Number of protein chains: 2
Amino acid sequence: MDKKTEQKKVFLDIVQQLRQLIKMEEIQAGEKLPSERVLSERLGVGRSSVREALRSLELLGLIETKHGGGTFLASTHKHQLVEILSMFILEDEKSKKDVELTRQIHEKEAIRVISCTETLRTLPVWDSFFVKLEIEDAISCRDVLREIIITAGNRLSLKVWFQLAAYDGDRLNRNSTEEEKLIIQTMLKSMQLGYEKEALKAYEQWMKTLRSN
Amino acid sequence: MDKKTEQKKVFLDIVQQLRQLIKMEEIQAGEKLPSERVLSERLGVGRSSVREALRSLELLGLIETKHGGGTFLASTHKHQLVEILSMFILEDEKSKKDVELTRQIHEKEAIRVISCTETLRTLPVWDSFFVKLEIEDAISCRDVLREIIITAGNRLSLKVWFQLAAYDGDRLNRNSTEEEKLIIQTMLKSMQLGYEKEALKAYEQWMKTLRSN
DNA sequence: TACCGAAAGTGGTCTGGCCACTTTTGAACA
DNA sequence: TGTTCAAAAGTGGCCAGACCACTTTCGGTA
């Protein structure tokens, strides 16, 4: 059970304790954490060790710091993770392609899940998209995909997706063209009706269009 | 260098410089990095700042440190990432289920890719598994899945999978029962022949069996 | 009541020190 | 010549204290 209670490194231990502290004191996203000096005293460790732990979490994007202001629990979607990982790991073109493909893996699975789940595919939110697609000018690829992934209900998959989507954000954030909107409508319609195959087919077409633009 | 010294955080700057250093000096995975004191001097910053950067990368699993020995560029598959993220984000049962589902997303996609790709599904490696399944006693679920993901060729997907697989490793590392071996054979055979549907069906059955044991 | 400036609080960074552990070195030994 | 092993050097782990830059807080003045 306590598999790693005998942590060697203090800073890893602090990461653990920080987690407990956040849970105990019910610190919500965006709220302030105790100051470095306070943490140092409460946990009985040096301030530099606390900083090592905090900096680690910051790099992971789990906390944010404001010089002179304090340390705050991050509001989810601001992970530097992919940026850092990509700096070290992904450098060639093949890797960039991998990022895109991996992102699409999660997107496709979400479409499958929704198509096959009565309660999800009949959600009113999809109808709202039809309205948006006709009325609003600014609908980005990302908006639609995000809703899909969120609805599919796998939070971890969502998290991975956010990171990957942040990586080649330019293309995703661009507003959709009329051609794309049509494809999106087809896809959503198929999904609503539970036509998994058709929905995925439309999705593939959509991605193809995105690449060419 | 193009130092964009907009009062950015030194430790983030160090992370960048570290990356360049690794690239410049062609430090390979497993090889040693300069010591903290040397880095501190070369980069013209305090040792504590260097440590904050190194500890961050350590938490990400990009480097490994040996007390008294030195700091080493990590040999890929040892990312603590999921563990840390899950500590903070995934705490309930639902989340554990998410980990499993997310892992399976990548596995299924790999099976699809291989099934649909002549050059991949006809690889001799699959035949070798049939022999192994019959002769060797110790074949773990993980062995088979890993080969599948590797063959599919998406390195990022592989990386994500490694992390997720590490998360609930107990079940994956266990040796396969005779029943499971039969299912695996069915799956591989279908995959070899390009029968995507059947392969996935066998896969689902396999996972179901795993859960019940 | 509204405003402003000083004080307090907080993160950012550096220095220097001590400890524990690993690797290297070199001298004694076989 | 080759081996062994203990001392020395190298390295990470951790802490205390100091100073700076910035933000927030708070009390007094207009």
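Reminder, nothing fancy here: chain letters follow the sequence lines and each chain counts from 1. Since the model is a prediction, treat every value here as computed from it, not as a measurement. Note that these values count all heavy atoms, side chains included, but never hydrogens, waters or copies made by symmetry.
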Distance check needed: D:dG10 P versus B:Glu41 CD, whole Å only. 13 Å

For B:Arg51 and D:dC15, give me the distance from atom CZ to atom C1', rounded to whole Å. 11 Å

Can a side chain N or O of A:Arg55 be found less than 4.0 Å away from OP1 or OP2 on C:dG12? yes

Is there a donor-acceptor pair under 3.5 Å between the side chain of A:Gln17 and the backbone N or O of A:Val15? no

Does A:Ser49 place a side-chain N or O at less than 4.0 Å from the phosphate oxygens OP1/OP2 of D:dC15? yes

Base, sugar-phosphate, or nothing for A:Thr71, non-hydrogen atoms under 4.0 angstrom? sugar-phosphate

Ring geometry between B:Trp126 and B:Phe129 (parallel below 30°, tilted from 30 to 60°, perpendicular above 60°): parallel

To the nearest angstrom, the CD-C1' distance between A:Glu36 and D:dC22 comes to 14 Å

C:dT10 C1' sits how many Å from A:Glu64 CD, rounded? 17 Å

Under 4.0 Å: is that the gap between some side-chain N or O of B:Lys66 and OP1 or OP2 of D:dG13? no

When rounded to whole Å, the CD1 to C1' distance for the pair A:Ile14 and D:dC14 reads 10 Å

Without decimals, in angstroms, what is the distance between B:Leu39 CG and C:dT13 C1'? 17 Å

Phosphate OP1/OP2 of D:dT11: any B:Thr65 side-chain N/O under 4.0 Å: no

Side-chain ion pair, A:Glu204 and A:Lys208, N-O less than 4.0 Å: no

Look at all strands and tell whether B:Ser48 reaches a base, only sugar-phosphate, or nothing, counting heavy atoms closer than 4.0 Å. base

Any donor-acceptor pair, under 3.5 Å, between the side chain of A:Arg37 and the base of C:dG11, if you only look at N and O atoms? yes

Quick one: on DNA chain C, does A:Gly69 or B:Gly46 contact a more 5' nucleotide (nearest heavy atom)? A:Gly69

Go nucleotide by nucleotide along DNA chain D from the 5' end; which of A:Val45 and B:Pro34 gets its closest nucleotide reached first? B:Pro34

The nucleotide from D:dA21, C:dC21, C:dT23 with an atom nearest the side chain of A:His67 is D:dA21

Taking A:Glu100 first and then A:Arg103, would you say they form a salt bridge - that is, a charged N and a carboxylate O separated by under 4.0 Å? no

Expressed in angstrom and rounded to an integer, what is the separation of B:Arg47 atom CZ from D:dT11 atom P? 11 Å

Rounded to whole Å, the CD-C1' distance (B:Glu52 to C:dT15) equals 14 Å

Of A:His106, A:Met187, A:Lys108, A:Glu107, which is the lone residue that meets side-chain contact (heavy atoms from CB on, under 4.5 Å) with A:Ile148? A:Met187

